[in-house]
Amino acid sequence: MANLIQYAKDEVAKLTHNAYLQAAAAGVLPSGVSINASIDIPKDTNHGDYASSFALAGSKLMKMPPRKIAEIMIQYIPLENSCFDHVEIAGPGFLNFKLGSRWYGNVLNTIEAEGENYGATDQGKGQRVMVEFVSANPTGTMTIGNARGGVLGDSTAAVLERAGYQVWREFYVNDAGNQVDKFALSLEARYLQLLQGEESIVFPEDGYHGEDIKKLARQFYEDYGDSYLTVEPNERRAFMKKFGLEYNISKMQSDLERYGIVYDQWFPESTLHESGYVDETIDLLEQSGYTYEKDGALWFKVTALGGEKDEVLRRTGGGYTYFAVDIAYHRNKFEVRKFDKVIDVLGADHHGHALRFKAGITALGIDNSRLDFLIMQLVQLLQDGKEVKVSKRSGKSITLSDLLDEISVDAARFAFNAKPNNHLIFDLDLAIRQDSENPVYYVQYAHARICSLLDRLSKEGYFVLPAAQINAALLSSEEERALIKCLAQLPEEIFAAARDYDPSRINRYLIQLAGEFHRFYSSQHIKGEERDLLEARLKLADSVRSVLANCLQLLGISAPEKM
RNA sequence: GUCUCCGUAGCUCAGCUGGAUAGAGCAUCCGCCUCCUAAGCGGAAGGCCGGGCGUUCGAAUCGCCCCGGGGACGCCA
C-alpha cells in the first residue's frame, strides 16, 4: 500500500513547514503566519521532481518578496535523512526538490514486495459497493453502446476492487412490463406470419420491427414446429415470452463473457413484482407523503424534492412505471442487500431519469449520496469516414457480437475504456485495421519485449535478483529515473481512477509507462553491460513487466509474452 | 425554453481541487536496425486552449455572460 509519490510529497510539506517554523523562531521570518502552499510535480524535470510554492504563497502575508523568503527558508532545510538529495530556488521563488537514489531503490523494493497487489489503496475501507452496468433490455441484441457501458462498468469495478472496495457486479434484467409484452406480441406475430403468410397477420404498430425478432421466431419454429398454432393466445404468448427472454438472456451472457465480463448476479425485475416488493415500496412512498393522485394515476412529487417535474408511479389503467420499479429495485439494493454504495452506469439518454429517481431514494429515507451515477455520453459510430446512425427500431444497428467478430477483445476493451464524459467516436475502419495505430499494441509490445529480453538473458545465466541485492544508484540516467518515477505513479492513478470513476486513467498510464520503457530500452543497453549495471537494469525492466501485466490484467486485456 | 455533457494542434484526445515555455497518439516531413523484438526511438512542423468580462502574484483550469455541438425533458424503458 505504499504510495511513494505521496510519501515524497508529504516529506516536502514537512521540510518546508519545519524550515518556516525554525526561521520564524530565529526571527528571520515573520511568525504566526499560516500558509497554504501547493506542492507540484513540475512538467520540466529541470525544475526538480517536486516544487513547493511556499514562498510565493507566503509573499503577501509576510510582506516580503518570494525569492527572499525562499533564500531564508532553504538554509533551514536539512536533506540528510530525507528521500531528496538536492533542493534549490528557482523562477519566481519555487523551492525545487530533487529525489535521491534511496527513493528510486525504494520504488523497486515496493513493487517487488507488493507483487500483483502493487498499486492497491485502502480508500474503500472494505465498503460493499455494487456496480450495475449494461442492463440492456432482453428484448433485443446488445449494441455498440453496450460495448462501452460494459467496459466502463467492468473496469470501474476492477479499479474499485484495487482501491479497497468489496465489489459486486450486477446486470438488471428487465424481464417484466410493457416492453416485454410488446416483445412477446411481436414474436408471436412473426411466428404466425411464418406459418400463415405475412399478409394474414397484422404486425403490431409499436412492436419490434428488427430482423432479430424474425430470427427468433424461426428458431421457435425449429424447436416447436407449428404446435403452438392452436394454443390459446394468452398461453401461447406467455410461453413465447419465456422462450424469447431465455434465448436472448443466454445470448447476452455468452456475448459478455466473450468480452471478458462476468457478473456476480443477473437480477430479474420480475422477482420484484412477484414477491410484492414493488407494491410494498409504493406503499412506503405513499406513506412518505410525497405522492398524490391525479387523473386516476398515482404521482410522485419530484418537484417537492428539488427536481424538475413530477413522475407517474402507477398508471391510470394500473401497472407500475419503469420509474416506480426502479425505485423499488434500488430500495432492494440498499435495504435488503445492504450495499454501502451503489453505482449505476448509464447512457446519457437516461440522465434525466437518474436525477429524478434519486428523489425517490430520498423519500424512502435512504441517504442518496450512497447512490452515484456514472453517466457516459453516447457512442458515435464512424464507418468509411461517415457517421452510422444506430437505430434500435429499424434493427439495423451493429451489435456487440458483430463487433467482436471484427476486432479483438483486447482492442475493443482498450478503445472503449475512454473518459465517460466525452462523446466517443468509434471509427470502425480504424479498429478493424489492428495495426500500430492502435495504442493497445504499443503497450502490449512493451510487455512482450521485456519478456523476450528476460528469456534471452536467462540463457546467458542472468536472472532477476531481489531488489535488496541490486545497486539502485546505478540507475541514474534521465530515462531510468523517469521510468522509475512512472512506476511509482500507479497508486496515485488507482486512487484518482477510483475517486473519479474513471478507469481510462489506467489506459493513459499504460501508454505513458510503455513509452518510458521504450525510451529507456532504446537509450540504455542491458545485455553486454557489466554485471552490476546489467542486474540493476534487468531488475528495472522486470519491474516494468510486472506493472504492465498488473494493469493490463486489471483492464481485462491480455499481456502477451511474444508478438 | 429548462436541465446536462462537451468545445485545446489537420484528426482523436490528455491536462481542469489555479503554478514556470500548453502535452500525447495518429497523419506530414527528416533521421536511426553488423548491437537485447523497428508493433520501437530521436528530430522537425503544427495552437487567439470557442469568444468576452471578472477573481489573483499567477487562469486552458475558478465565477458570470455569450456562441457552437450532443443528450434529456412520454401515464416508454
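For clarity, every value in this text was computed on a predicted model and none was experimentally measured. Sequence lines set the chain letters: A, B, ... in the order given, protein chains first and strands last, and positions in each chain run from 1.
Residue A:Gln6 qualifies as enclosed at atom CD: its count of foreign heavy atoms under 6.0 Å is above 12. Annotation for A:Lys63: atom NZ does not count as buried by contact number, only 12 or fewer foreign heavy atoms lying within 6.0 Å.
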Bracket string, RNA chain B, 5' to 3' - pairs by Watson-Crick or G-U geometry under 3.5 Å, | interstrand: (((((((..((((.....[...)))).(((((.......))))).....(((((..]....))))))))))))....
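Rounding to whole angstrom units, CG of residue A:Leu355 and P of B:A72 are separated by 14 Å. Here the C1' atom of nucleotide B:C5 and the CG atom of A:Asp349 are 13 Å apart, to the nearest Å. If you take CG of A:Asn507 and P of B:A24, they are 19 Å apart, rounded to a whole angstrom. A:Tyr509 has its OH atom 19 Å from the P atom of B:A24, to the nearest Å. Look at CZ on A:Arg67: it is 15 Å from C1' on B:C57, rounded to the nearest Å. With rounding to whole Å, A:Ile375 atom CD1 is found 10 Å from B:C5 atom P. Here B:C36 presents its P atom at 6 Å from NZ of A:Lys527, a figure rounded to the nearest Å. Remark: C1' of B:A38 and CG of A:Leu453 are 16 Å apart, rounded to the nearest angstrom.
Using a 4.0 Å heavy-atom distance criterion, A:Glu529 is classed as making no nucleic acid contact. Counting any heavy atom pair closer than 4.0 Å across all strands shown, A:Glu479 reaches no nucleic acid atom. If you check every strand for non-hydrogen atoms under 4.0 Å, A:Asp326 touches nothing. Here A:Asp181 lies out of heavy-atom contact (under 4.0 Å) with every strand. Among the heavy atoms of the strands, none lies under 4.0 Å from A:Ala446.
Counting only N and O atoms by type, the side chains of A:Arg456 and A:Ser452 include no donor and acceptor under 3.5 Å apart. There is no side-chain donor-acceptor pair under 3.5 Å between A:Gln179 and A:Asn174. Side-chain contact, A:Asp295 with A:Thr316: no donor N or O sits under 3.5 Å from an acceptor N or O. Defined by atom type and a distance below 3.5 Å, a donor-acceptor pair is present between the side-chain atoms of A:Tyr320 and A:Asp279.
Ring pair A:Phe357/A:His330 is perpendicular by interplanar angle, where above 60° counts as perpendicular and below 30° as parallel. Ring-plane geometry between A:Tyr322 and A:His350 is classed as perpendicular, the angle between the planes exceeding 60 degrees on a 0 to 90 degree scale with a lower cut at 30. Aromatic ring pairs are classed by plane angle as parallel below 30°, tilted from 30° to 60° and perpendicular above 60°; the pair A:Trp299 and A:Tyr292 is parallel.
Closest to the side chain of A:Ala297, out of B:C36, B:A77, B:C75, is B:C75.
Not counting sequence neighbours, the partners of A:Arg505 by the side-chain hydrogen bond (donor to acceptor under 3.5 Å, both in side chains) test are A:Glu493. Residues meeting the side-chain hydrogen bond (donor to acceptor under 3.5 Å, both in side chains) test with A:Arg331, sequence neighbours left out: A:Glu280, A:Thr281.
Contacts of residues 300-319 of chain A with RNA chain B (heavy atom under 4.0 Å): A:Glu308, A:Lys309, A:Val312, A:Arg315, A:Thr316. The stretch residues 513-523 of chain A comes close to RNA chain B through A:His518, A:Arg519, A:Tyr521, A:Ser522, each having a heavy atom under 4.0 Å from the strand.
B:G42 and B:A38 have their C1' atoms separated by 13 Å, with the value rounded to a whole Å. Going from the P atom of B:U17 to that of B:A60 covers 14 Å, rounded to whole Å. Rounded to a whole angstrom, the distance from the C1' atom of B:G25 to that of B:G19 is 27 Å. One P atom belongs to B:G47, the other to B:A24, and the distance between them is 15 Å to the nearest Å. Using C1' as the reference atom, B:C11 and B:U4 are 27 Å apart when rounded to the nearest Å. B:C66 and B:A77 are spaced 37 Å apart, taking the C1' atom of each and rounding to whole Å. Comparing B:G43 with B:C3, their P atoms are spaced 48 Å from each other, to the whole Å. With P as the reference atom, B:U55 and B:U21 are 23 Å apart, rounded to whole Å.
Salt bridge absent: A:Lys333 and A:Glu170 never bring a charged side-chain N and a carboxylate O closer than 4.0 Å. Under a 4.0 Å N-O distance rule, the pair A:Arg237/A:Asp181 does not qualify as a salt bridge. Between A:Glu529 and A:Lys527 there is no salt bridge, since none of the side-chain N atoms of the basic residue sits less than 4.0 Å from a carboxylate O of the acidic one. Salt-bridge formation is not detected for the pair A:Arg356/A:Asp326: no Lys NZ or Arg NE/NH1/NH2 atom is positioned less than 4.0 Å from an Asp or Glu carboxylate oxygen.
Evaluated for a side chain to side chain donor-acceptor pair (under 3.5 Å) with A:Glu480, the options A:Lys485, A:Arg537, A:Arg519 yield exactly one hit, A:Arg537.
Glycosidic conformation at B:C33 (O4'-C1'-N9-C4 for purines, O4'-C1'-N1-C2 for pyrimidines): syn, within 90° of 0.
Each of A:Tyr50 and A:Lys294 lies near RNA chain B, and the nucleotide nearest A:Tyr50 is the one positioned closer to the 5' end. Two residues, A:Ser452 and A:Ala176, neighbour RNA chain B, and the one matched to the more 5' nucleotide by heavy-atom proximity is A:Ser452.
Below the 3.5 angstrom threshold, one finds no donor paired with an acceptor across the side chain of A:Gln377 and the base of B:G71.
Residue A:Asn421 places none of its side-chain N or O atoms closer than 4.0 Å to OP1 or OP2 of B:C5. In terms of phosphate contacts, A:Asn137 brings no side-chain nitrogen or oxygen within less than 4.0 Å of OP1 or OP2 of B:A77. Listed pair A:Tyr442 / B:A38 fails the phosphate criterion, with no side-chain N or O lying under 4.0 Å from OP1 or OP2. The phosphate of B:A72 has neither OP1 nor OP2 within less than 4.0 Å of any side-chain N or O from A:Arg356.
A stacking contact between A:His351 and B:U4 is absent: the pair does not combine a ring-centre distance of less than 5.5 Å to the base's six-membered ring with planes differing by less than 30°.
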Footprint string (nucleotides 12-19 of chain B, 5' to 3'): B base within contact, S backbone only, - free, heavy atoms under 4.0 Å: SSSS-B-B
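The ring of A:Phe373 has its center no closer than 6.0 angstrom to the ring center of A:His351.
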